[in-house]
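Taking it in order: structure first as structure tokens, then the write-up.
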Amino acid sequence: MKFLGAWLVIAAAVRANFACQPLDTRNPWTSTVRESCKCYPGDSCWPSGSDWDNLNRTVGGRLTRAIPPGAVCYDSFEGIPTKDPAKCAEVASQWSNGSWTVNQATIPFITPFSNNTCEPNTATGLPGPPSGCQDTCTIGLLSQYAILATSADDIVAGVNYARNKNLRLIIRNTGHCFMGRSSGSGALVINTHRLNLIEFDSNCAHCDGHTGGVVKIGAGVMIKDLYAAAWPKNLDVMSGECATVGIGGGFLGGGGQGPLAGYYGVASDHAVSIDVVLATGKKLTVDSEQNSDLFWALKGGGMGTFGVVTSVTLKTYPTMPVTGMSLHIVDSGDRFWEGVRIWYTMGPKFTAAGIYVWYTMADGALSAQPFVAPNMTIAQFNAVVDPLLAQLRTANVSFTTTEVKTYPKFSNLYEDLWELSHMNSGSNTYWGGRMISQTDVKDRGSDIVAAFRQMSNMYPGQVLFGGHLVNPGNRIKDLQQKLSAVHPVWRDAADFQVFLYTPPPCLSVEQRAEAERRVTVELGGALRAVTPTSAVYSNEGDVNEPNWQDAFWGPVVYPKVLKIKKKYDPTDVFWSKSSTGSEGWAIRNDLRLCRV
Ligand SMILES: Cc1cc2nc3c(=O)[nH]c(=O)nc-3n(C[C@H](O)[C@H](O)[C@H](O)COP(=O)(O)OP(=O)(O)OC[C@H]3O[C@@H](n4cnc5c(N)ncnc54)[C@H](O)[C@@H]3O)c2cc1C
Ligand SMILES: *[C@@H]1O[C@H](CO)[C@@H](O)[C@H](O)[C@H]1NC(C)=O
Ligand SMILES: *[C@@H]1O[C@H](CO)[C@@H](O)[C@H](O)[C@H]1NC(C)=O
Ligand SMILES: *[C@@H]1O[C@H](CO)[C@@H](O)[C@H](O)[C@H]1NC(C)=O
Ligand SMILES: *[C@@H]1O[C@H](CO)[C@@H](O)[C@H](O)[C@H]1NC(C)=O
Ligand SMILES: *[C@@H]1O[C@H](CO)[C@@H](O)[C@H](O)[C@H]1NC(C)=O
């Protein structure tokens, strides 16, 4: 979503009043010496040039110094001249192109997480900063080095190196994470995006009676790659809506929602085995029989924290017909919000029919593009949706719809109806989100819509909503949380909502902290207050969400996944903000990741 962004509250996450030393000398008598901070450039424990060269040889020359791509638009980077007008024009033209951004070594999809460092001037394409911003290019919050891995062995080398040298280690696939978990200061990045295997198999060995086939995909494969491979074979795979999100990384680590979720549940329900590199550097294949605890945790129980996923095997299904339509409400003032109220309070009727709707909303315009109704006829669809249109007419709300059509396969609907512009990168946006339960929409739907209006009015023109009417628990109940380690509210969801706050560019440190406060306290607070039985999708929320363990996983699931984290990564080689097991560490004011 192009408007969107979020950002680490460095200041809030910090306890900076102890000295950072590589070795913990406070308790020298324990048998296992615990380091209190990771090593950073300038520390005596930071690796030497020849150490890095050795690592580079081990990974076949695929280690790269993470120079910001926008450095070509500035005079110099770390004392080295970098300006190149032709390359700068290229970077400026690609900055918002998600398909370009996913291929970069370290930069995040949205700019607050890099401290908006070395941004090109996209308005002019000429060297120099965006209008009014600082004309220097520094590392900002970006990492130091990246391994552009092409095999599990490259990943093993990276994990061993980071563990032995006590470095902050970050796993980056596409950089989509709008919670800032795939980027960070002073780190070694393992970039998994080049693991692009896609292999179909019509048989499945350990599939609990699943008669369809499976597909094994490398961790770097994006949703659009998998769709492009599966659709010509007349196969559906439970996946997401955004073409450039990776599947095997953060998406499955958070569960994964998408257009067929009302029919098939969350994406991680469909994994049959996962290959992973552990903190020890060991390669392991986990499934429902071998290391089933880790297999379960990797399915929705946290991202970037248990190990590095190298490939995943997912169930495939024969395609089915899908009916779809788009709806646009354009009106103003009370009548617009009355239209939203009518729309929103009917949401549970749509999700009960297995329908999914992706929509964007700002004051005055709601764009539901599209409705996706798996295996429903036009008559069945109209029976569910006509009462909505009738009520909108009665209330004199101004709206338009497209013709209701049945497509032979989901792929035809996706190609015909999907609104793709929200998949842009490079925006200066701060994000929050909430997975709103059926109970809350049924009990207080009107209050929730009043909260949306209130949030819109707080910062006029700067707040945008992206919603998904979907209930992955519509048919797949998973009452005991055996299939996936996701928050139980996933199986009782009515609307999975994100909101985006876009302040003006070039903020000072204080203004950034204020932007985060607005998202967490003001905007987030307004929505929390009217949704007491709801939760937050661990992949699409506010990284500073208070009590994130409860909000993202809940009091039943979280203690279980935390135990699994401690079993497989007892020394915290992996750390990902507000992800499972991260509470023992915090980023201090000096940007160091240290034990608290
Ligand atoms: C425009 C947009 C649209 C989106 N649409 C959807 C959608 O339709 N459905 C949905 O469910 N979500 C959606 N998301 C959210 C998306 O699922 C998350 O941002 C997800 O974390 C992205 O995963 P990634 O691996 O592509 O990204 P990254 O940012 O590279 O990684 C995200 C997290 O996963 C970890 N990670 C990455 N690779 C690995 C690996 N191999 N092993 C272990 N950990 C790893 C990272 O360390 C980080 O913590 C969308 C996001 C955006 C920005
Ligand atoms: C790693 O080796 C490759 C190939 O020799 C080289 O191009 C690259 O610059 C090296 N990376 C680092 C960080 O030195
Ligand atoms: C976006 O980036 C991709 C990958 O680099 C490229 O193939 C495509 O042409 C780019 N699109 C535009 C409009 O430049
Ligand atoms: C982030 O940007 C602000 C504003 O330009 C600047 O004052 C601050 O030093 C930057 N921080 C880092 C770590 O680059
Ligand atoms: C679609 O629905 C029909 C009955 O309405 C059913 O027979 C069929 O199995 C369903 N298809 C799928 C893929 O579930
Ligand atoms: C809708 O408009 C009609 C005609 O202008 C009017 O008679 C009716 O009262 C209006 N209904 C509502 C709910 O405002």
Side-chain angles (χ1 to χ4, degrees), residues 1-6 49 52-53 55-57 59-67 90 93-94 96-104 108-110 113 144-147 149 155 169-184 189-193 195 218-223 239-259 261 266-268 274-277 298 302-312 358 420 422-425 427 429 431 433 466 468 470 472 496 498 537-541 574-579 582:
M1 295 140 216
K2 71 175 163 222
F3 0 82
L4 329 190
W52 288 111
D53 289 343
L55 174 63
N56 199 7
R57 272 191 291 279
V59 298
R62 288 179 286 277
L63 179 73
T64 166
R65 183 65 228 285
I67 297 167
E90 167 78 7
S93 78
Q94 296 301 306
S96 66
N97 177 355
S99 298
W100 176 87
T101 303
V102 294
N103 289 329
Q104 304 303 310
F109 227 66
I110 50 174
F113 289 115
Q144 292 286 324
Y145 287 91
I147 297 172
I155 292 172
L169 176 62
I170 286 174
I171 314 166
R172 191 233 197 228
N173 182 12
T174 67
H176 259 280
C177 182
F178 52 73
M179 302 172 75
R181 294 181 178 126
S182 52
S183 57
V189 167
I190 294 180
N191 184 313
T192 59
H193 188 51
L195 298 176
V221 169
M222 295 181 288
I223 288 169
S239 181
E241 47 125 347
C242 176
T244 47
V245 165
I247 297 170
F251 178 78
L252 280 188
Q257 58 85 21
V266 296
S268 59
I274 300 177
D275 297 318
V276 59
V277 173
L298 287 166
M303 51 297 294
T305 187
F306 300 107
V308 187
V309 171
T310 55
S311 58
V312 177
W358 153 245
L420 294 169
H422 65 277
M423 297 173 189
N424 289 357
S425 57
S427 62
T429 319
W431 296 52
H468 315 68
V470 59
F496 151 58
V498 291
Y537 177 19
S538 58
N539 262 335
E540 302 195 55
F574 301 106
W575 188 86
S576 183
K577 177 136 196 225
S578 308
S579 183
S582 62

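When a ligand or atom number is given, it counts from 1 through the structure's own listing order.
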Subject >> Where ligand 1 meets G246 - atom numbers and elements under 4.0 angstrom, heavy-atom basis >> reply: 26 (O)
**OP:** Tell me the residues surrounding ligand 2, counting only those with a heavy atom closer than 4.0 angstrom, sorted by chain and number.
**Re:** N56, G61, L63, R65, Y145
Subject >> Close approach of G254 to ligand 1, heavy atoms, under 4.0 angstrom >> reply: no
Original post:
Where's the contact between Y537 and ligand 1, heavy-atom distance under 4.0 Å: side chain, backbone, both or neither?
Top reply: side chain
Original post:
Will you find, in the side chains of T310 and D275, an N or O donor that is under 3.5 Å from an N or O acceptor?
Top reply: no
**OP:** Would you mind telling me if ligand 1 is within reach of the side chain of C242, the backbone, both or neither, using heavy atoms under 4.0 Å?
**Re:** both
Subject >> Check: I247 and M222 side chains under 4.5 Å, non-hydrogen atoms >> reply: no
Original post:
For ligand 3, which atoms sit closer than 4.0 Å to a heavy atom of N97?
Top reply: 1 (C), 2 (O), 3 (C), 8 (C), 10 (C), 11 (N), 12 (C), 14 (O)
Original post:
Mind checking whether G256 has an N or O less than 3.5 Å away from an N or O of ligand 1?
Top reply: no
Original post:
Is the side chain of N539 donor-acceptor paired with the backbone N or O of G255 at a distance under 3.5 Å, no angle test?
Top reply: no
**OP:** For the residue pair V276 and F306, establish whether any side-chain heavy-atom pair is separated by less than 4.5 Å.
**Re:** no
Subject >> Nearest neighbour of atom 22 (C) of ligand 1 from the list R181, M179, H176, on a heavy-atom basis >> reply: H176
Subject >> Option set T305, T174, I155, criterion heavy-atom distance to atom 27 (O) of ligand 1, minimum >> reply: T174
Original post:
At what distance, to the nearest 0.5 angstrom, does CD of Q94 lie from OG1 of T101?
Top reply: 8.5 Å
Original post:
If you measure from each non-hydrogen atom of T192 to ligand 1, which part falls under 4.0 Å: side chain, backbone, both or neither?
Top reply: side chain
Original post:
Taking N or O atoms only and a 3.5 Å limit, does A219 qualify as a polar contact for ligand 1?
Top reply: no
Original post:
Mind checking whether V309 has an N or O less than 3.5 Å away from an N or O of ligand 1?
Top reply: yes
**OP:** Evaluate the ring planes of H468 and W358, with Trp represented by its six-membered ring, and classify them as parallel (under 30°), tilted (30 to 60°) or perpendicular (over 60°).
**Re:** tilted
Original post:
By number and element, which atoms of ligand 1 are closer than 4.0 Å to a non-hydrogen atom of G175?
Top reply: 27 (O), 28 (P), 29 (O), 30 (O)
Original post:
If you measure every N/O of F178 against every N/O of ligand 1, is any gap under 3.5 Å?
Top reply: no
Original post:
Between G304 and ligand 1, does any nitrogen or oxygen pair lie at a separation below 3.5 Å?
Top reply: yes
Subject >> Selection from S183, S182, P472 by shortest heavy-atom distance to atom 31 (O) of ligand 1 >> reply: S182
Original post:
Is the side chain of T244 donor-acceptor paired with the backbone N or O of S99 at a distance under 3.5 Å, no angle test?
Top reply: no
Original post:
Do E241 and P259 have side chains that get closer than 4.5 Å, going by heavy atoms?
Top reply: yes
Subject >> E540 vs M179 side-chain heavy atoms within contact, under 4.5 Å >> reply: no
Original post:
Relative to the heavy atoms of G249, which atoms of ligand 1 are at a distance of less than 4.0 Å?
Top reply: 25 (O), 37 (C), 38 (N), 39 (C), 40 (C), 45 (C)
Subject >> Proximal atoms of ligand 1 relative to R172 (non-hydrogen, under 4.0 Å) >> reply: 30 (O)
Original post:
Given side chains that start at C-beta, do those of I170 and S183 come closer than 4.5 Å, heavy atoms only?
Top reply: no
Original post:
Less than 4.5 Å apart, any side-chain heavy atom of N97 and any of N424?
Top reply: no
Original post:
Backbone or side chain, does any N or O of G250 fall under 3.5 Å from an N or O of ligand 1?
Top reply: yes
**OP:** For G307, take its heavy atoms, then give the atoms of ligand 1 lying under 4.0 Å from any of them.
**Re:** 42 (N), 43 (C)
Subject >> Mode of H193 contact toward ligand 1 - side chain, backbone, both, neither (heavy atoms, under 4.0 Å) >> reply: neither
Original post:
Can H193 and T174 be counted as having a side-chain donor-acceptor contact under 3.5 angstrom?
Top reply: no
Original post:
L298 and side chain to side chain contact (heavy atoms under 4.5 Å, CB included): which partner among L252, T305, V309, V312?
Top reply: V309
Subject >> Flag side-chain contact, heavy atom, 4.5 Å: W52 against L63 >> reply: yes
**OP:** Measure the OG-CZ distance between S579 and R181 for me, rounded to the nearest 0.5 Å.
**Re:** 5.0 Å
**OP:** With the side chain counted from C-beta on, respond yes when I147 and L55 share a heavy-atom pair under 4.5 Å apart, and no when they do not.
**Re:** yes
Subject >> Selection from I171, T244, V245 by shortest heavy-atom distance to atom 50 (C) of ligand 1 >> reply: V245
Original post:
C177 to ligand 1: N or O pair under 3.5 Å?
Top reply: yes
**OP:** Drop me the distance from F109's CZ to C242's SG, to the nearest 0.5 angstrom.
**Re:** 6.0 Å
Original post:
What is the distance from atom CH2 of W100 to atom OG of S425, rounded to the nearest 0.5 Å?
Top reply: 7.5 Å
Original post:
Are any of the N or O atoms of N103 closer than 3.5 Å to those of ligand 3?
Top reply: no
Original post:
Where on S576 is there a heavy atom closer than 4.0 Å to ligand 1, on the side chain, on the backbone, on both, or on neither?
Top reply: side chain
**OP:** Report, in ascending order of atom number, the atoms of ligand 1 lying under 4.0 Å from any heavy atom of G240.
**Re:** 8 (O)
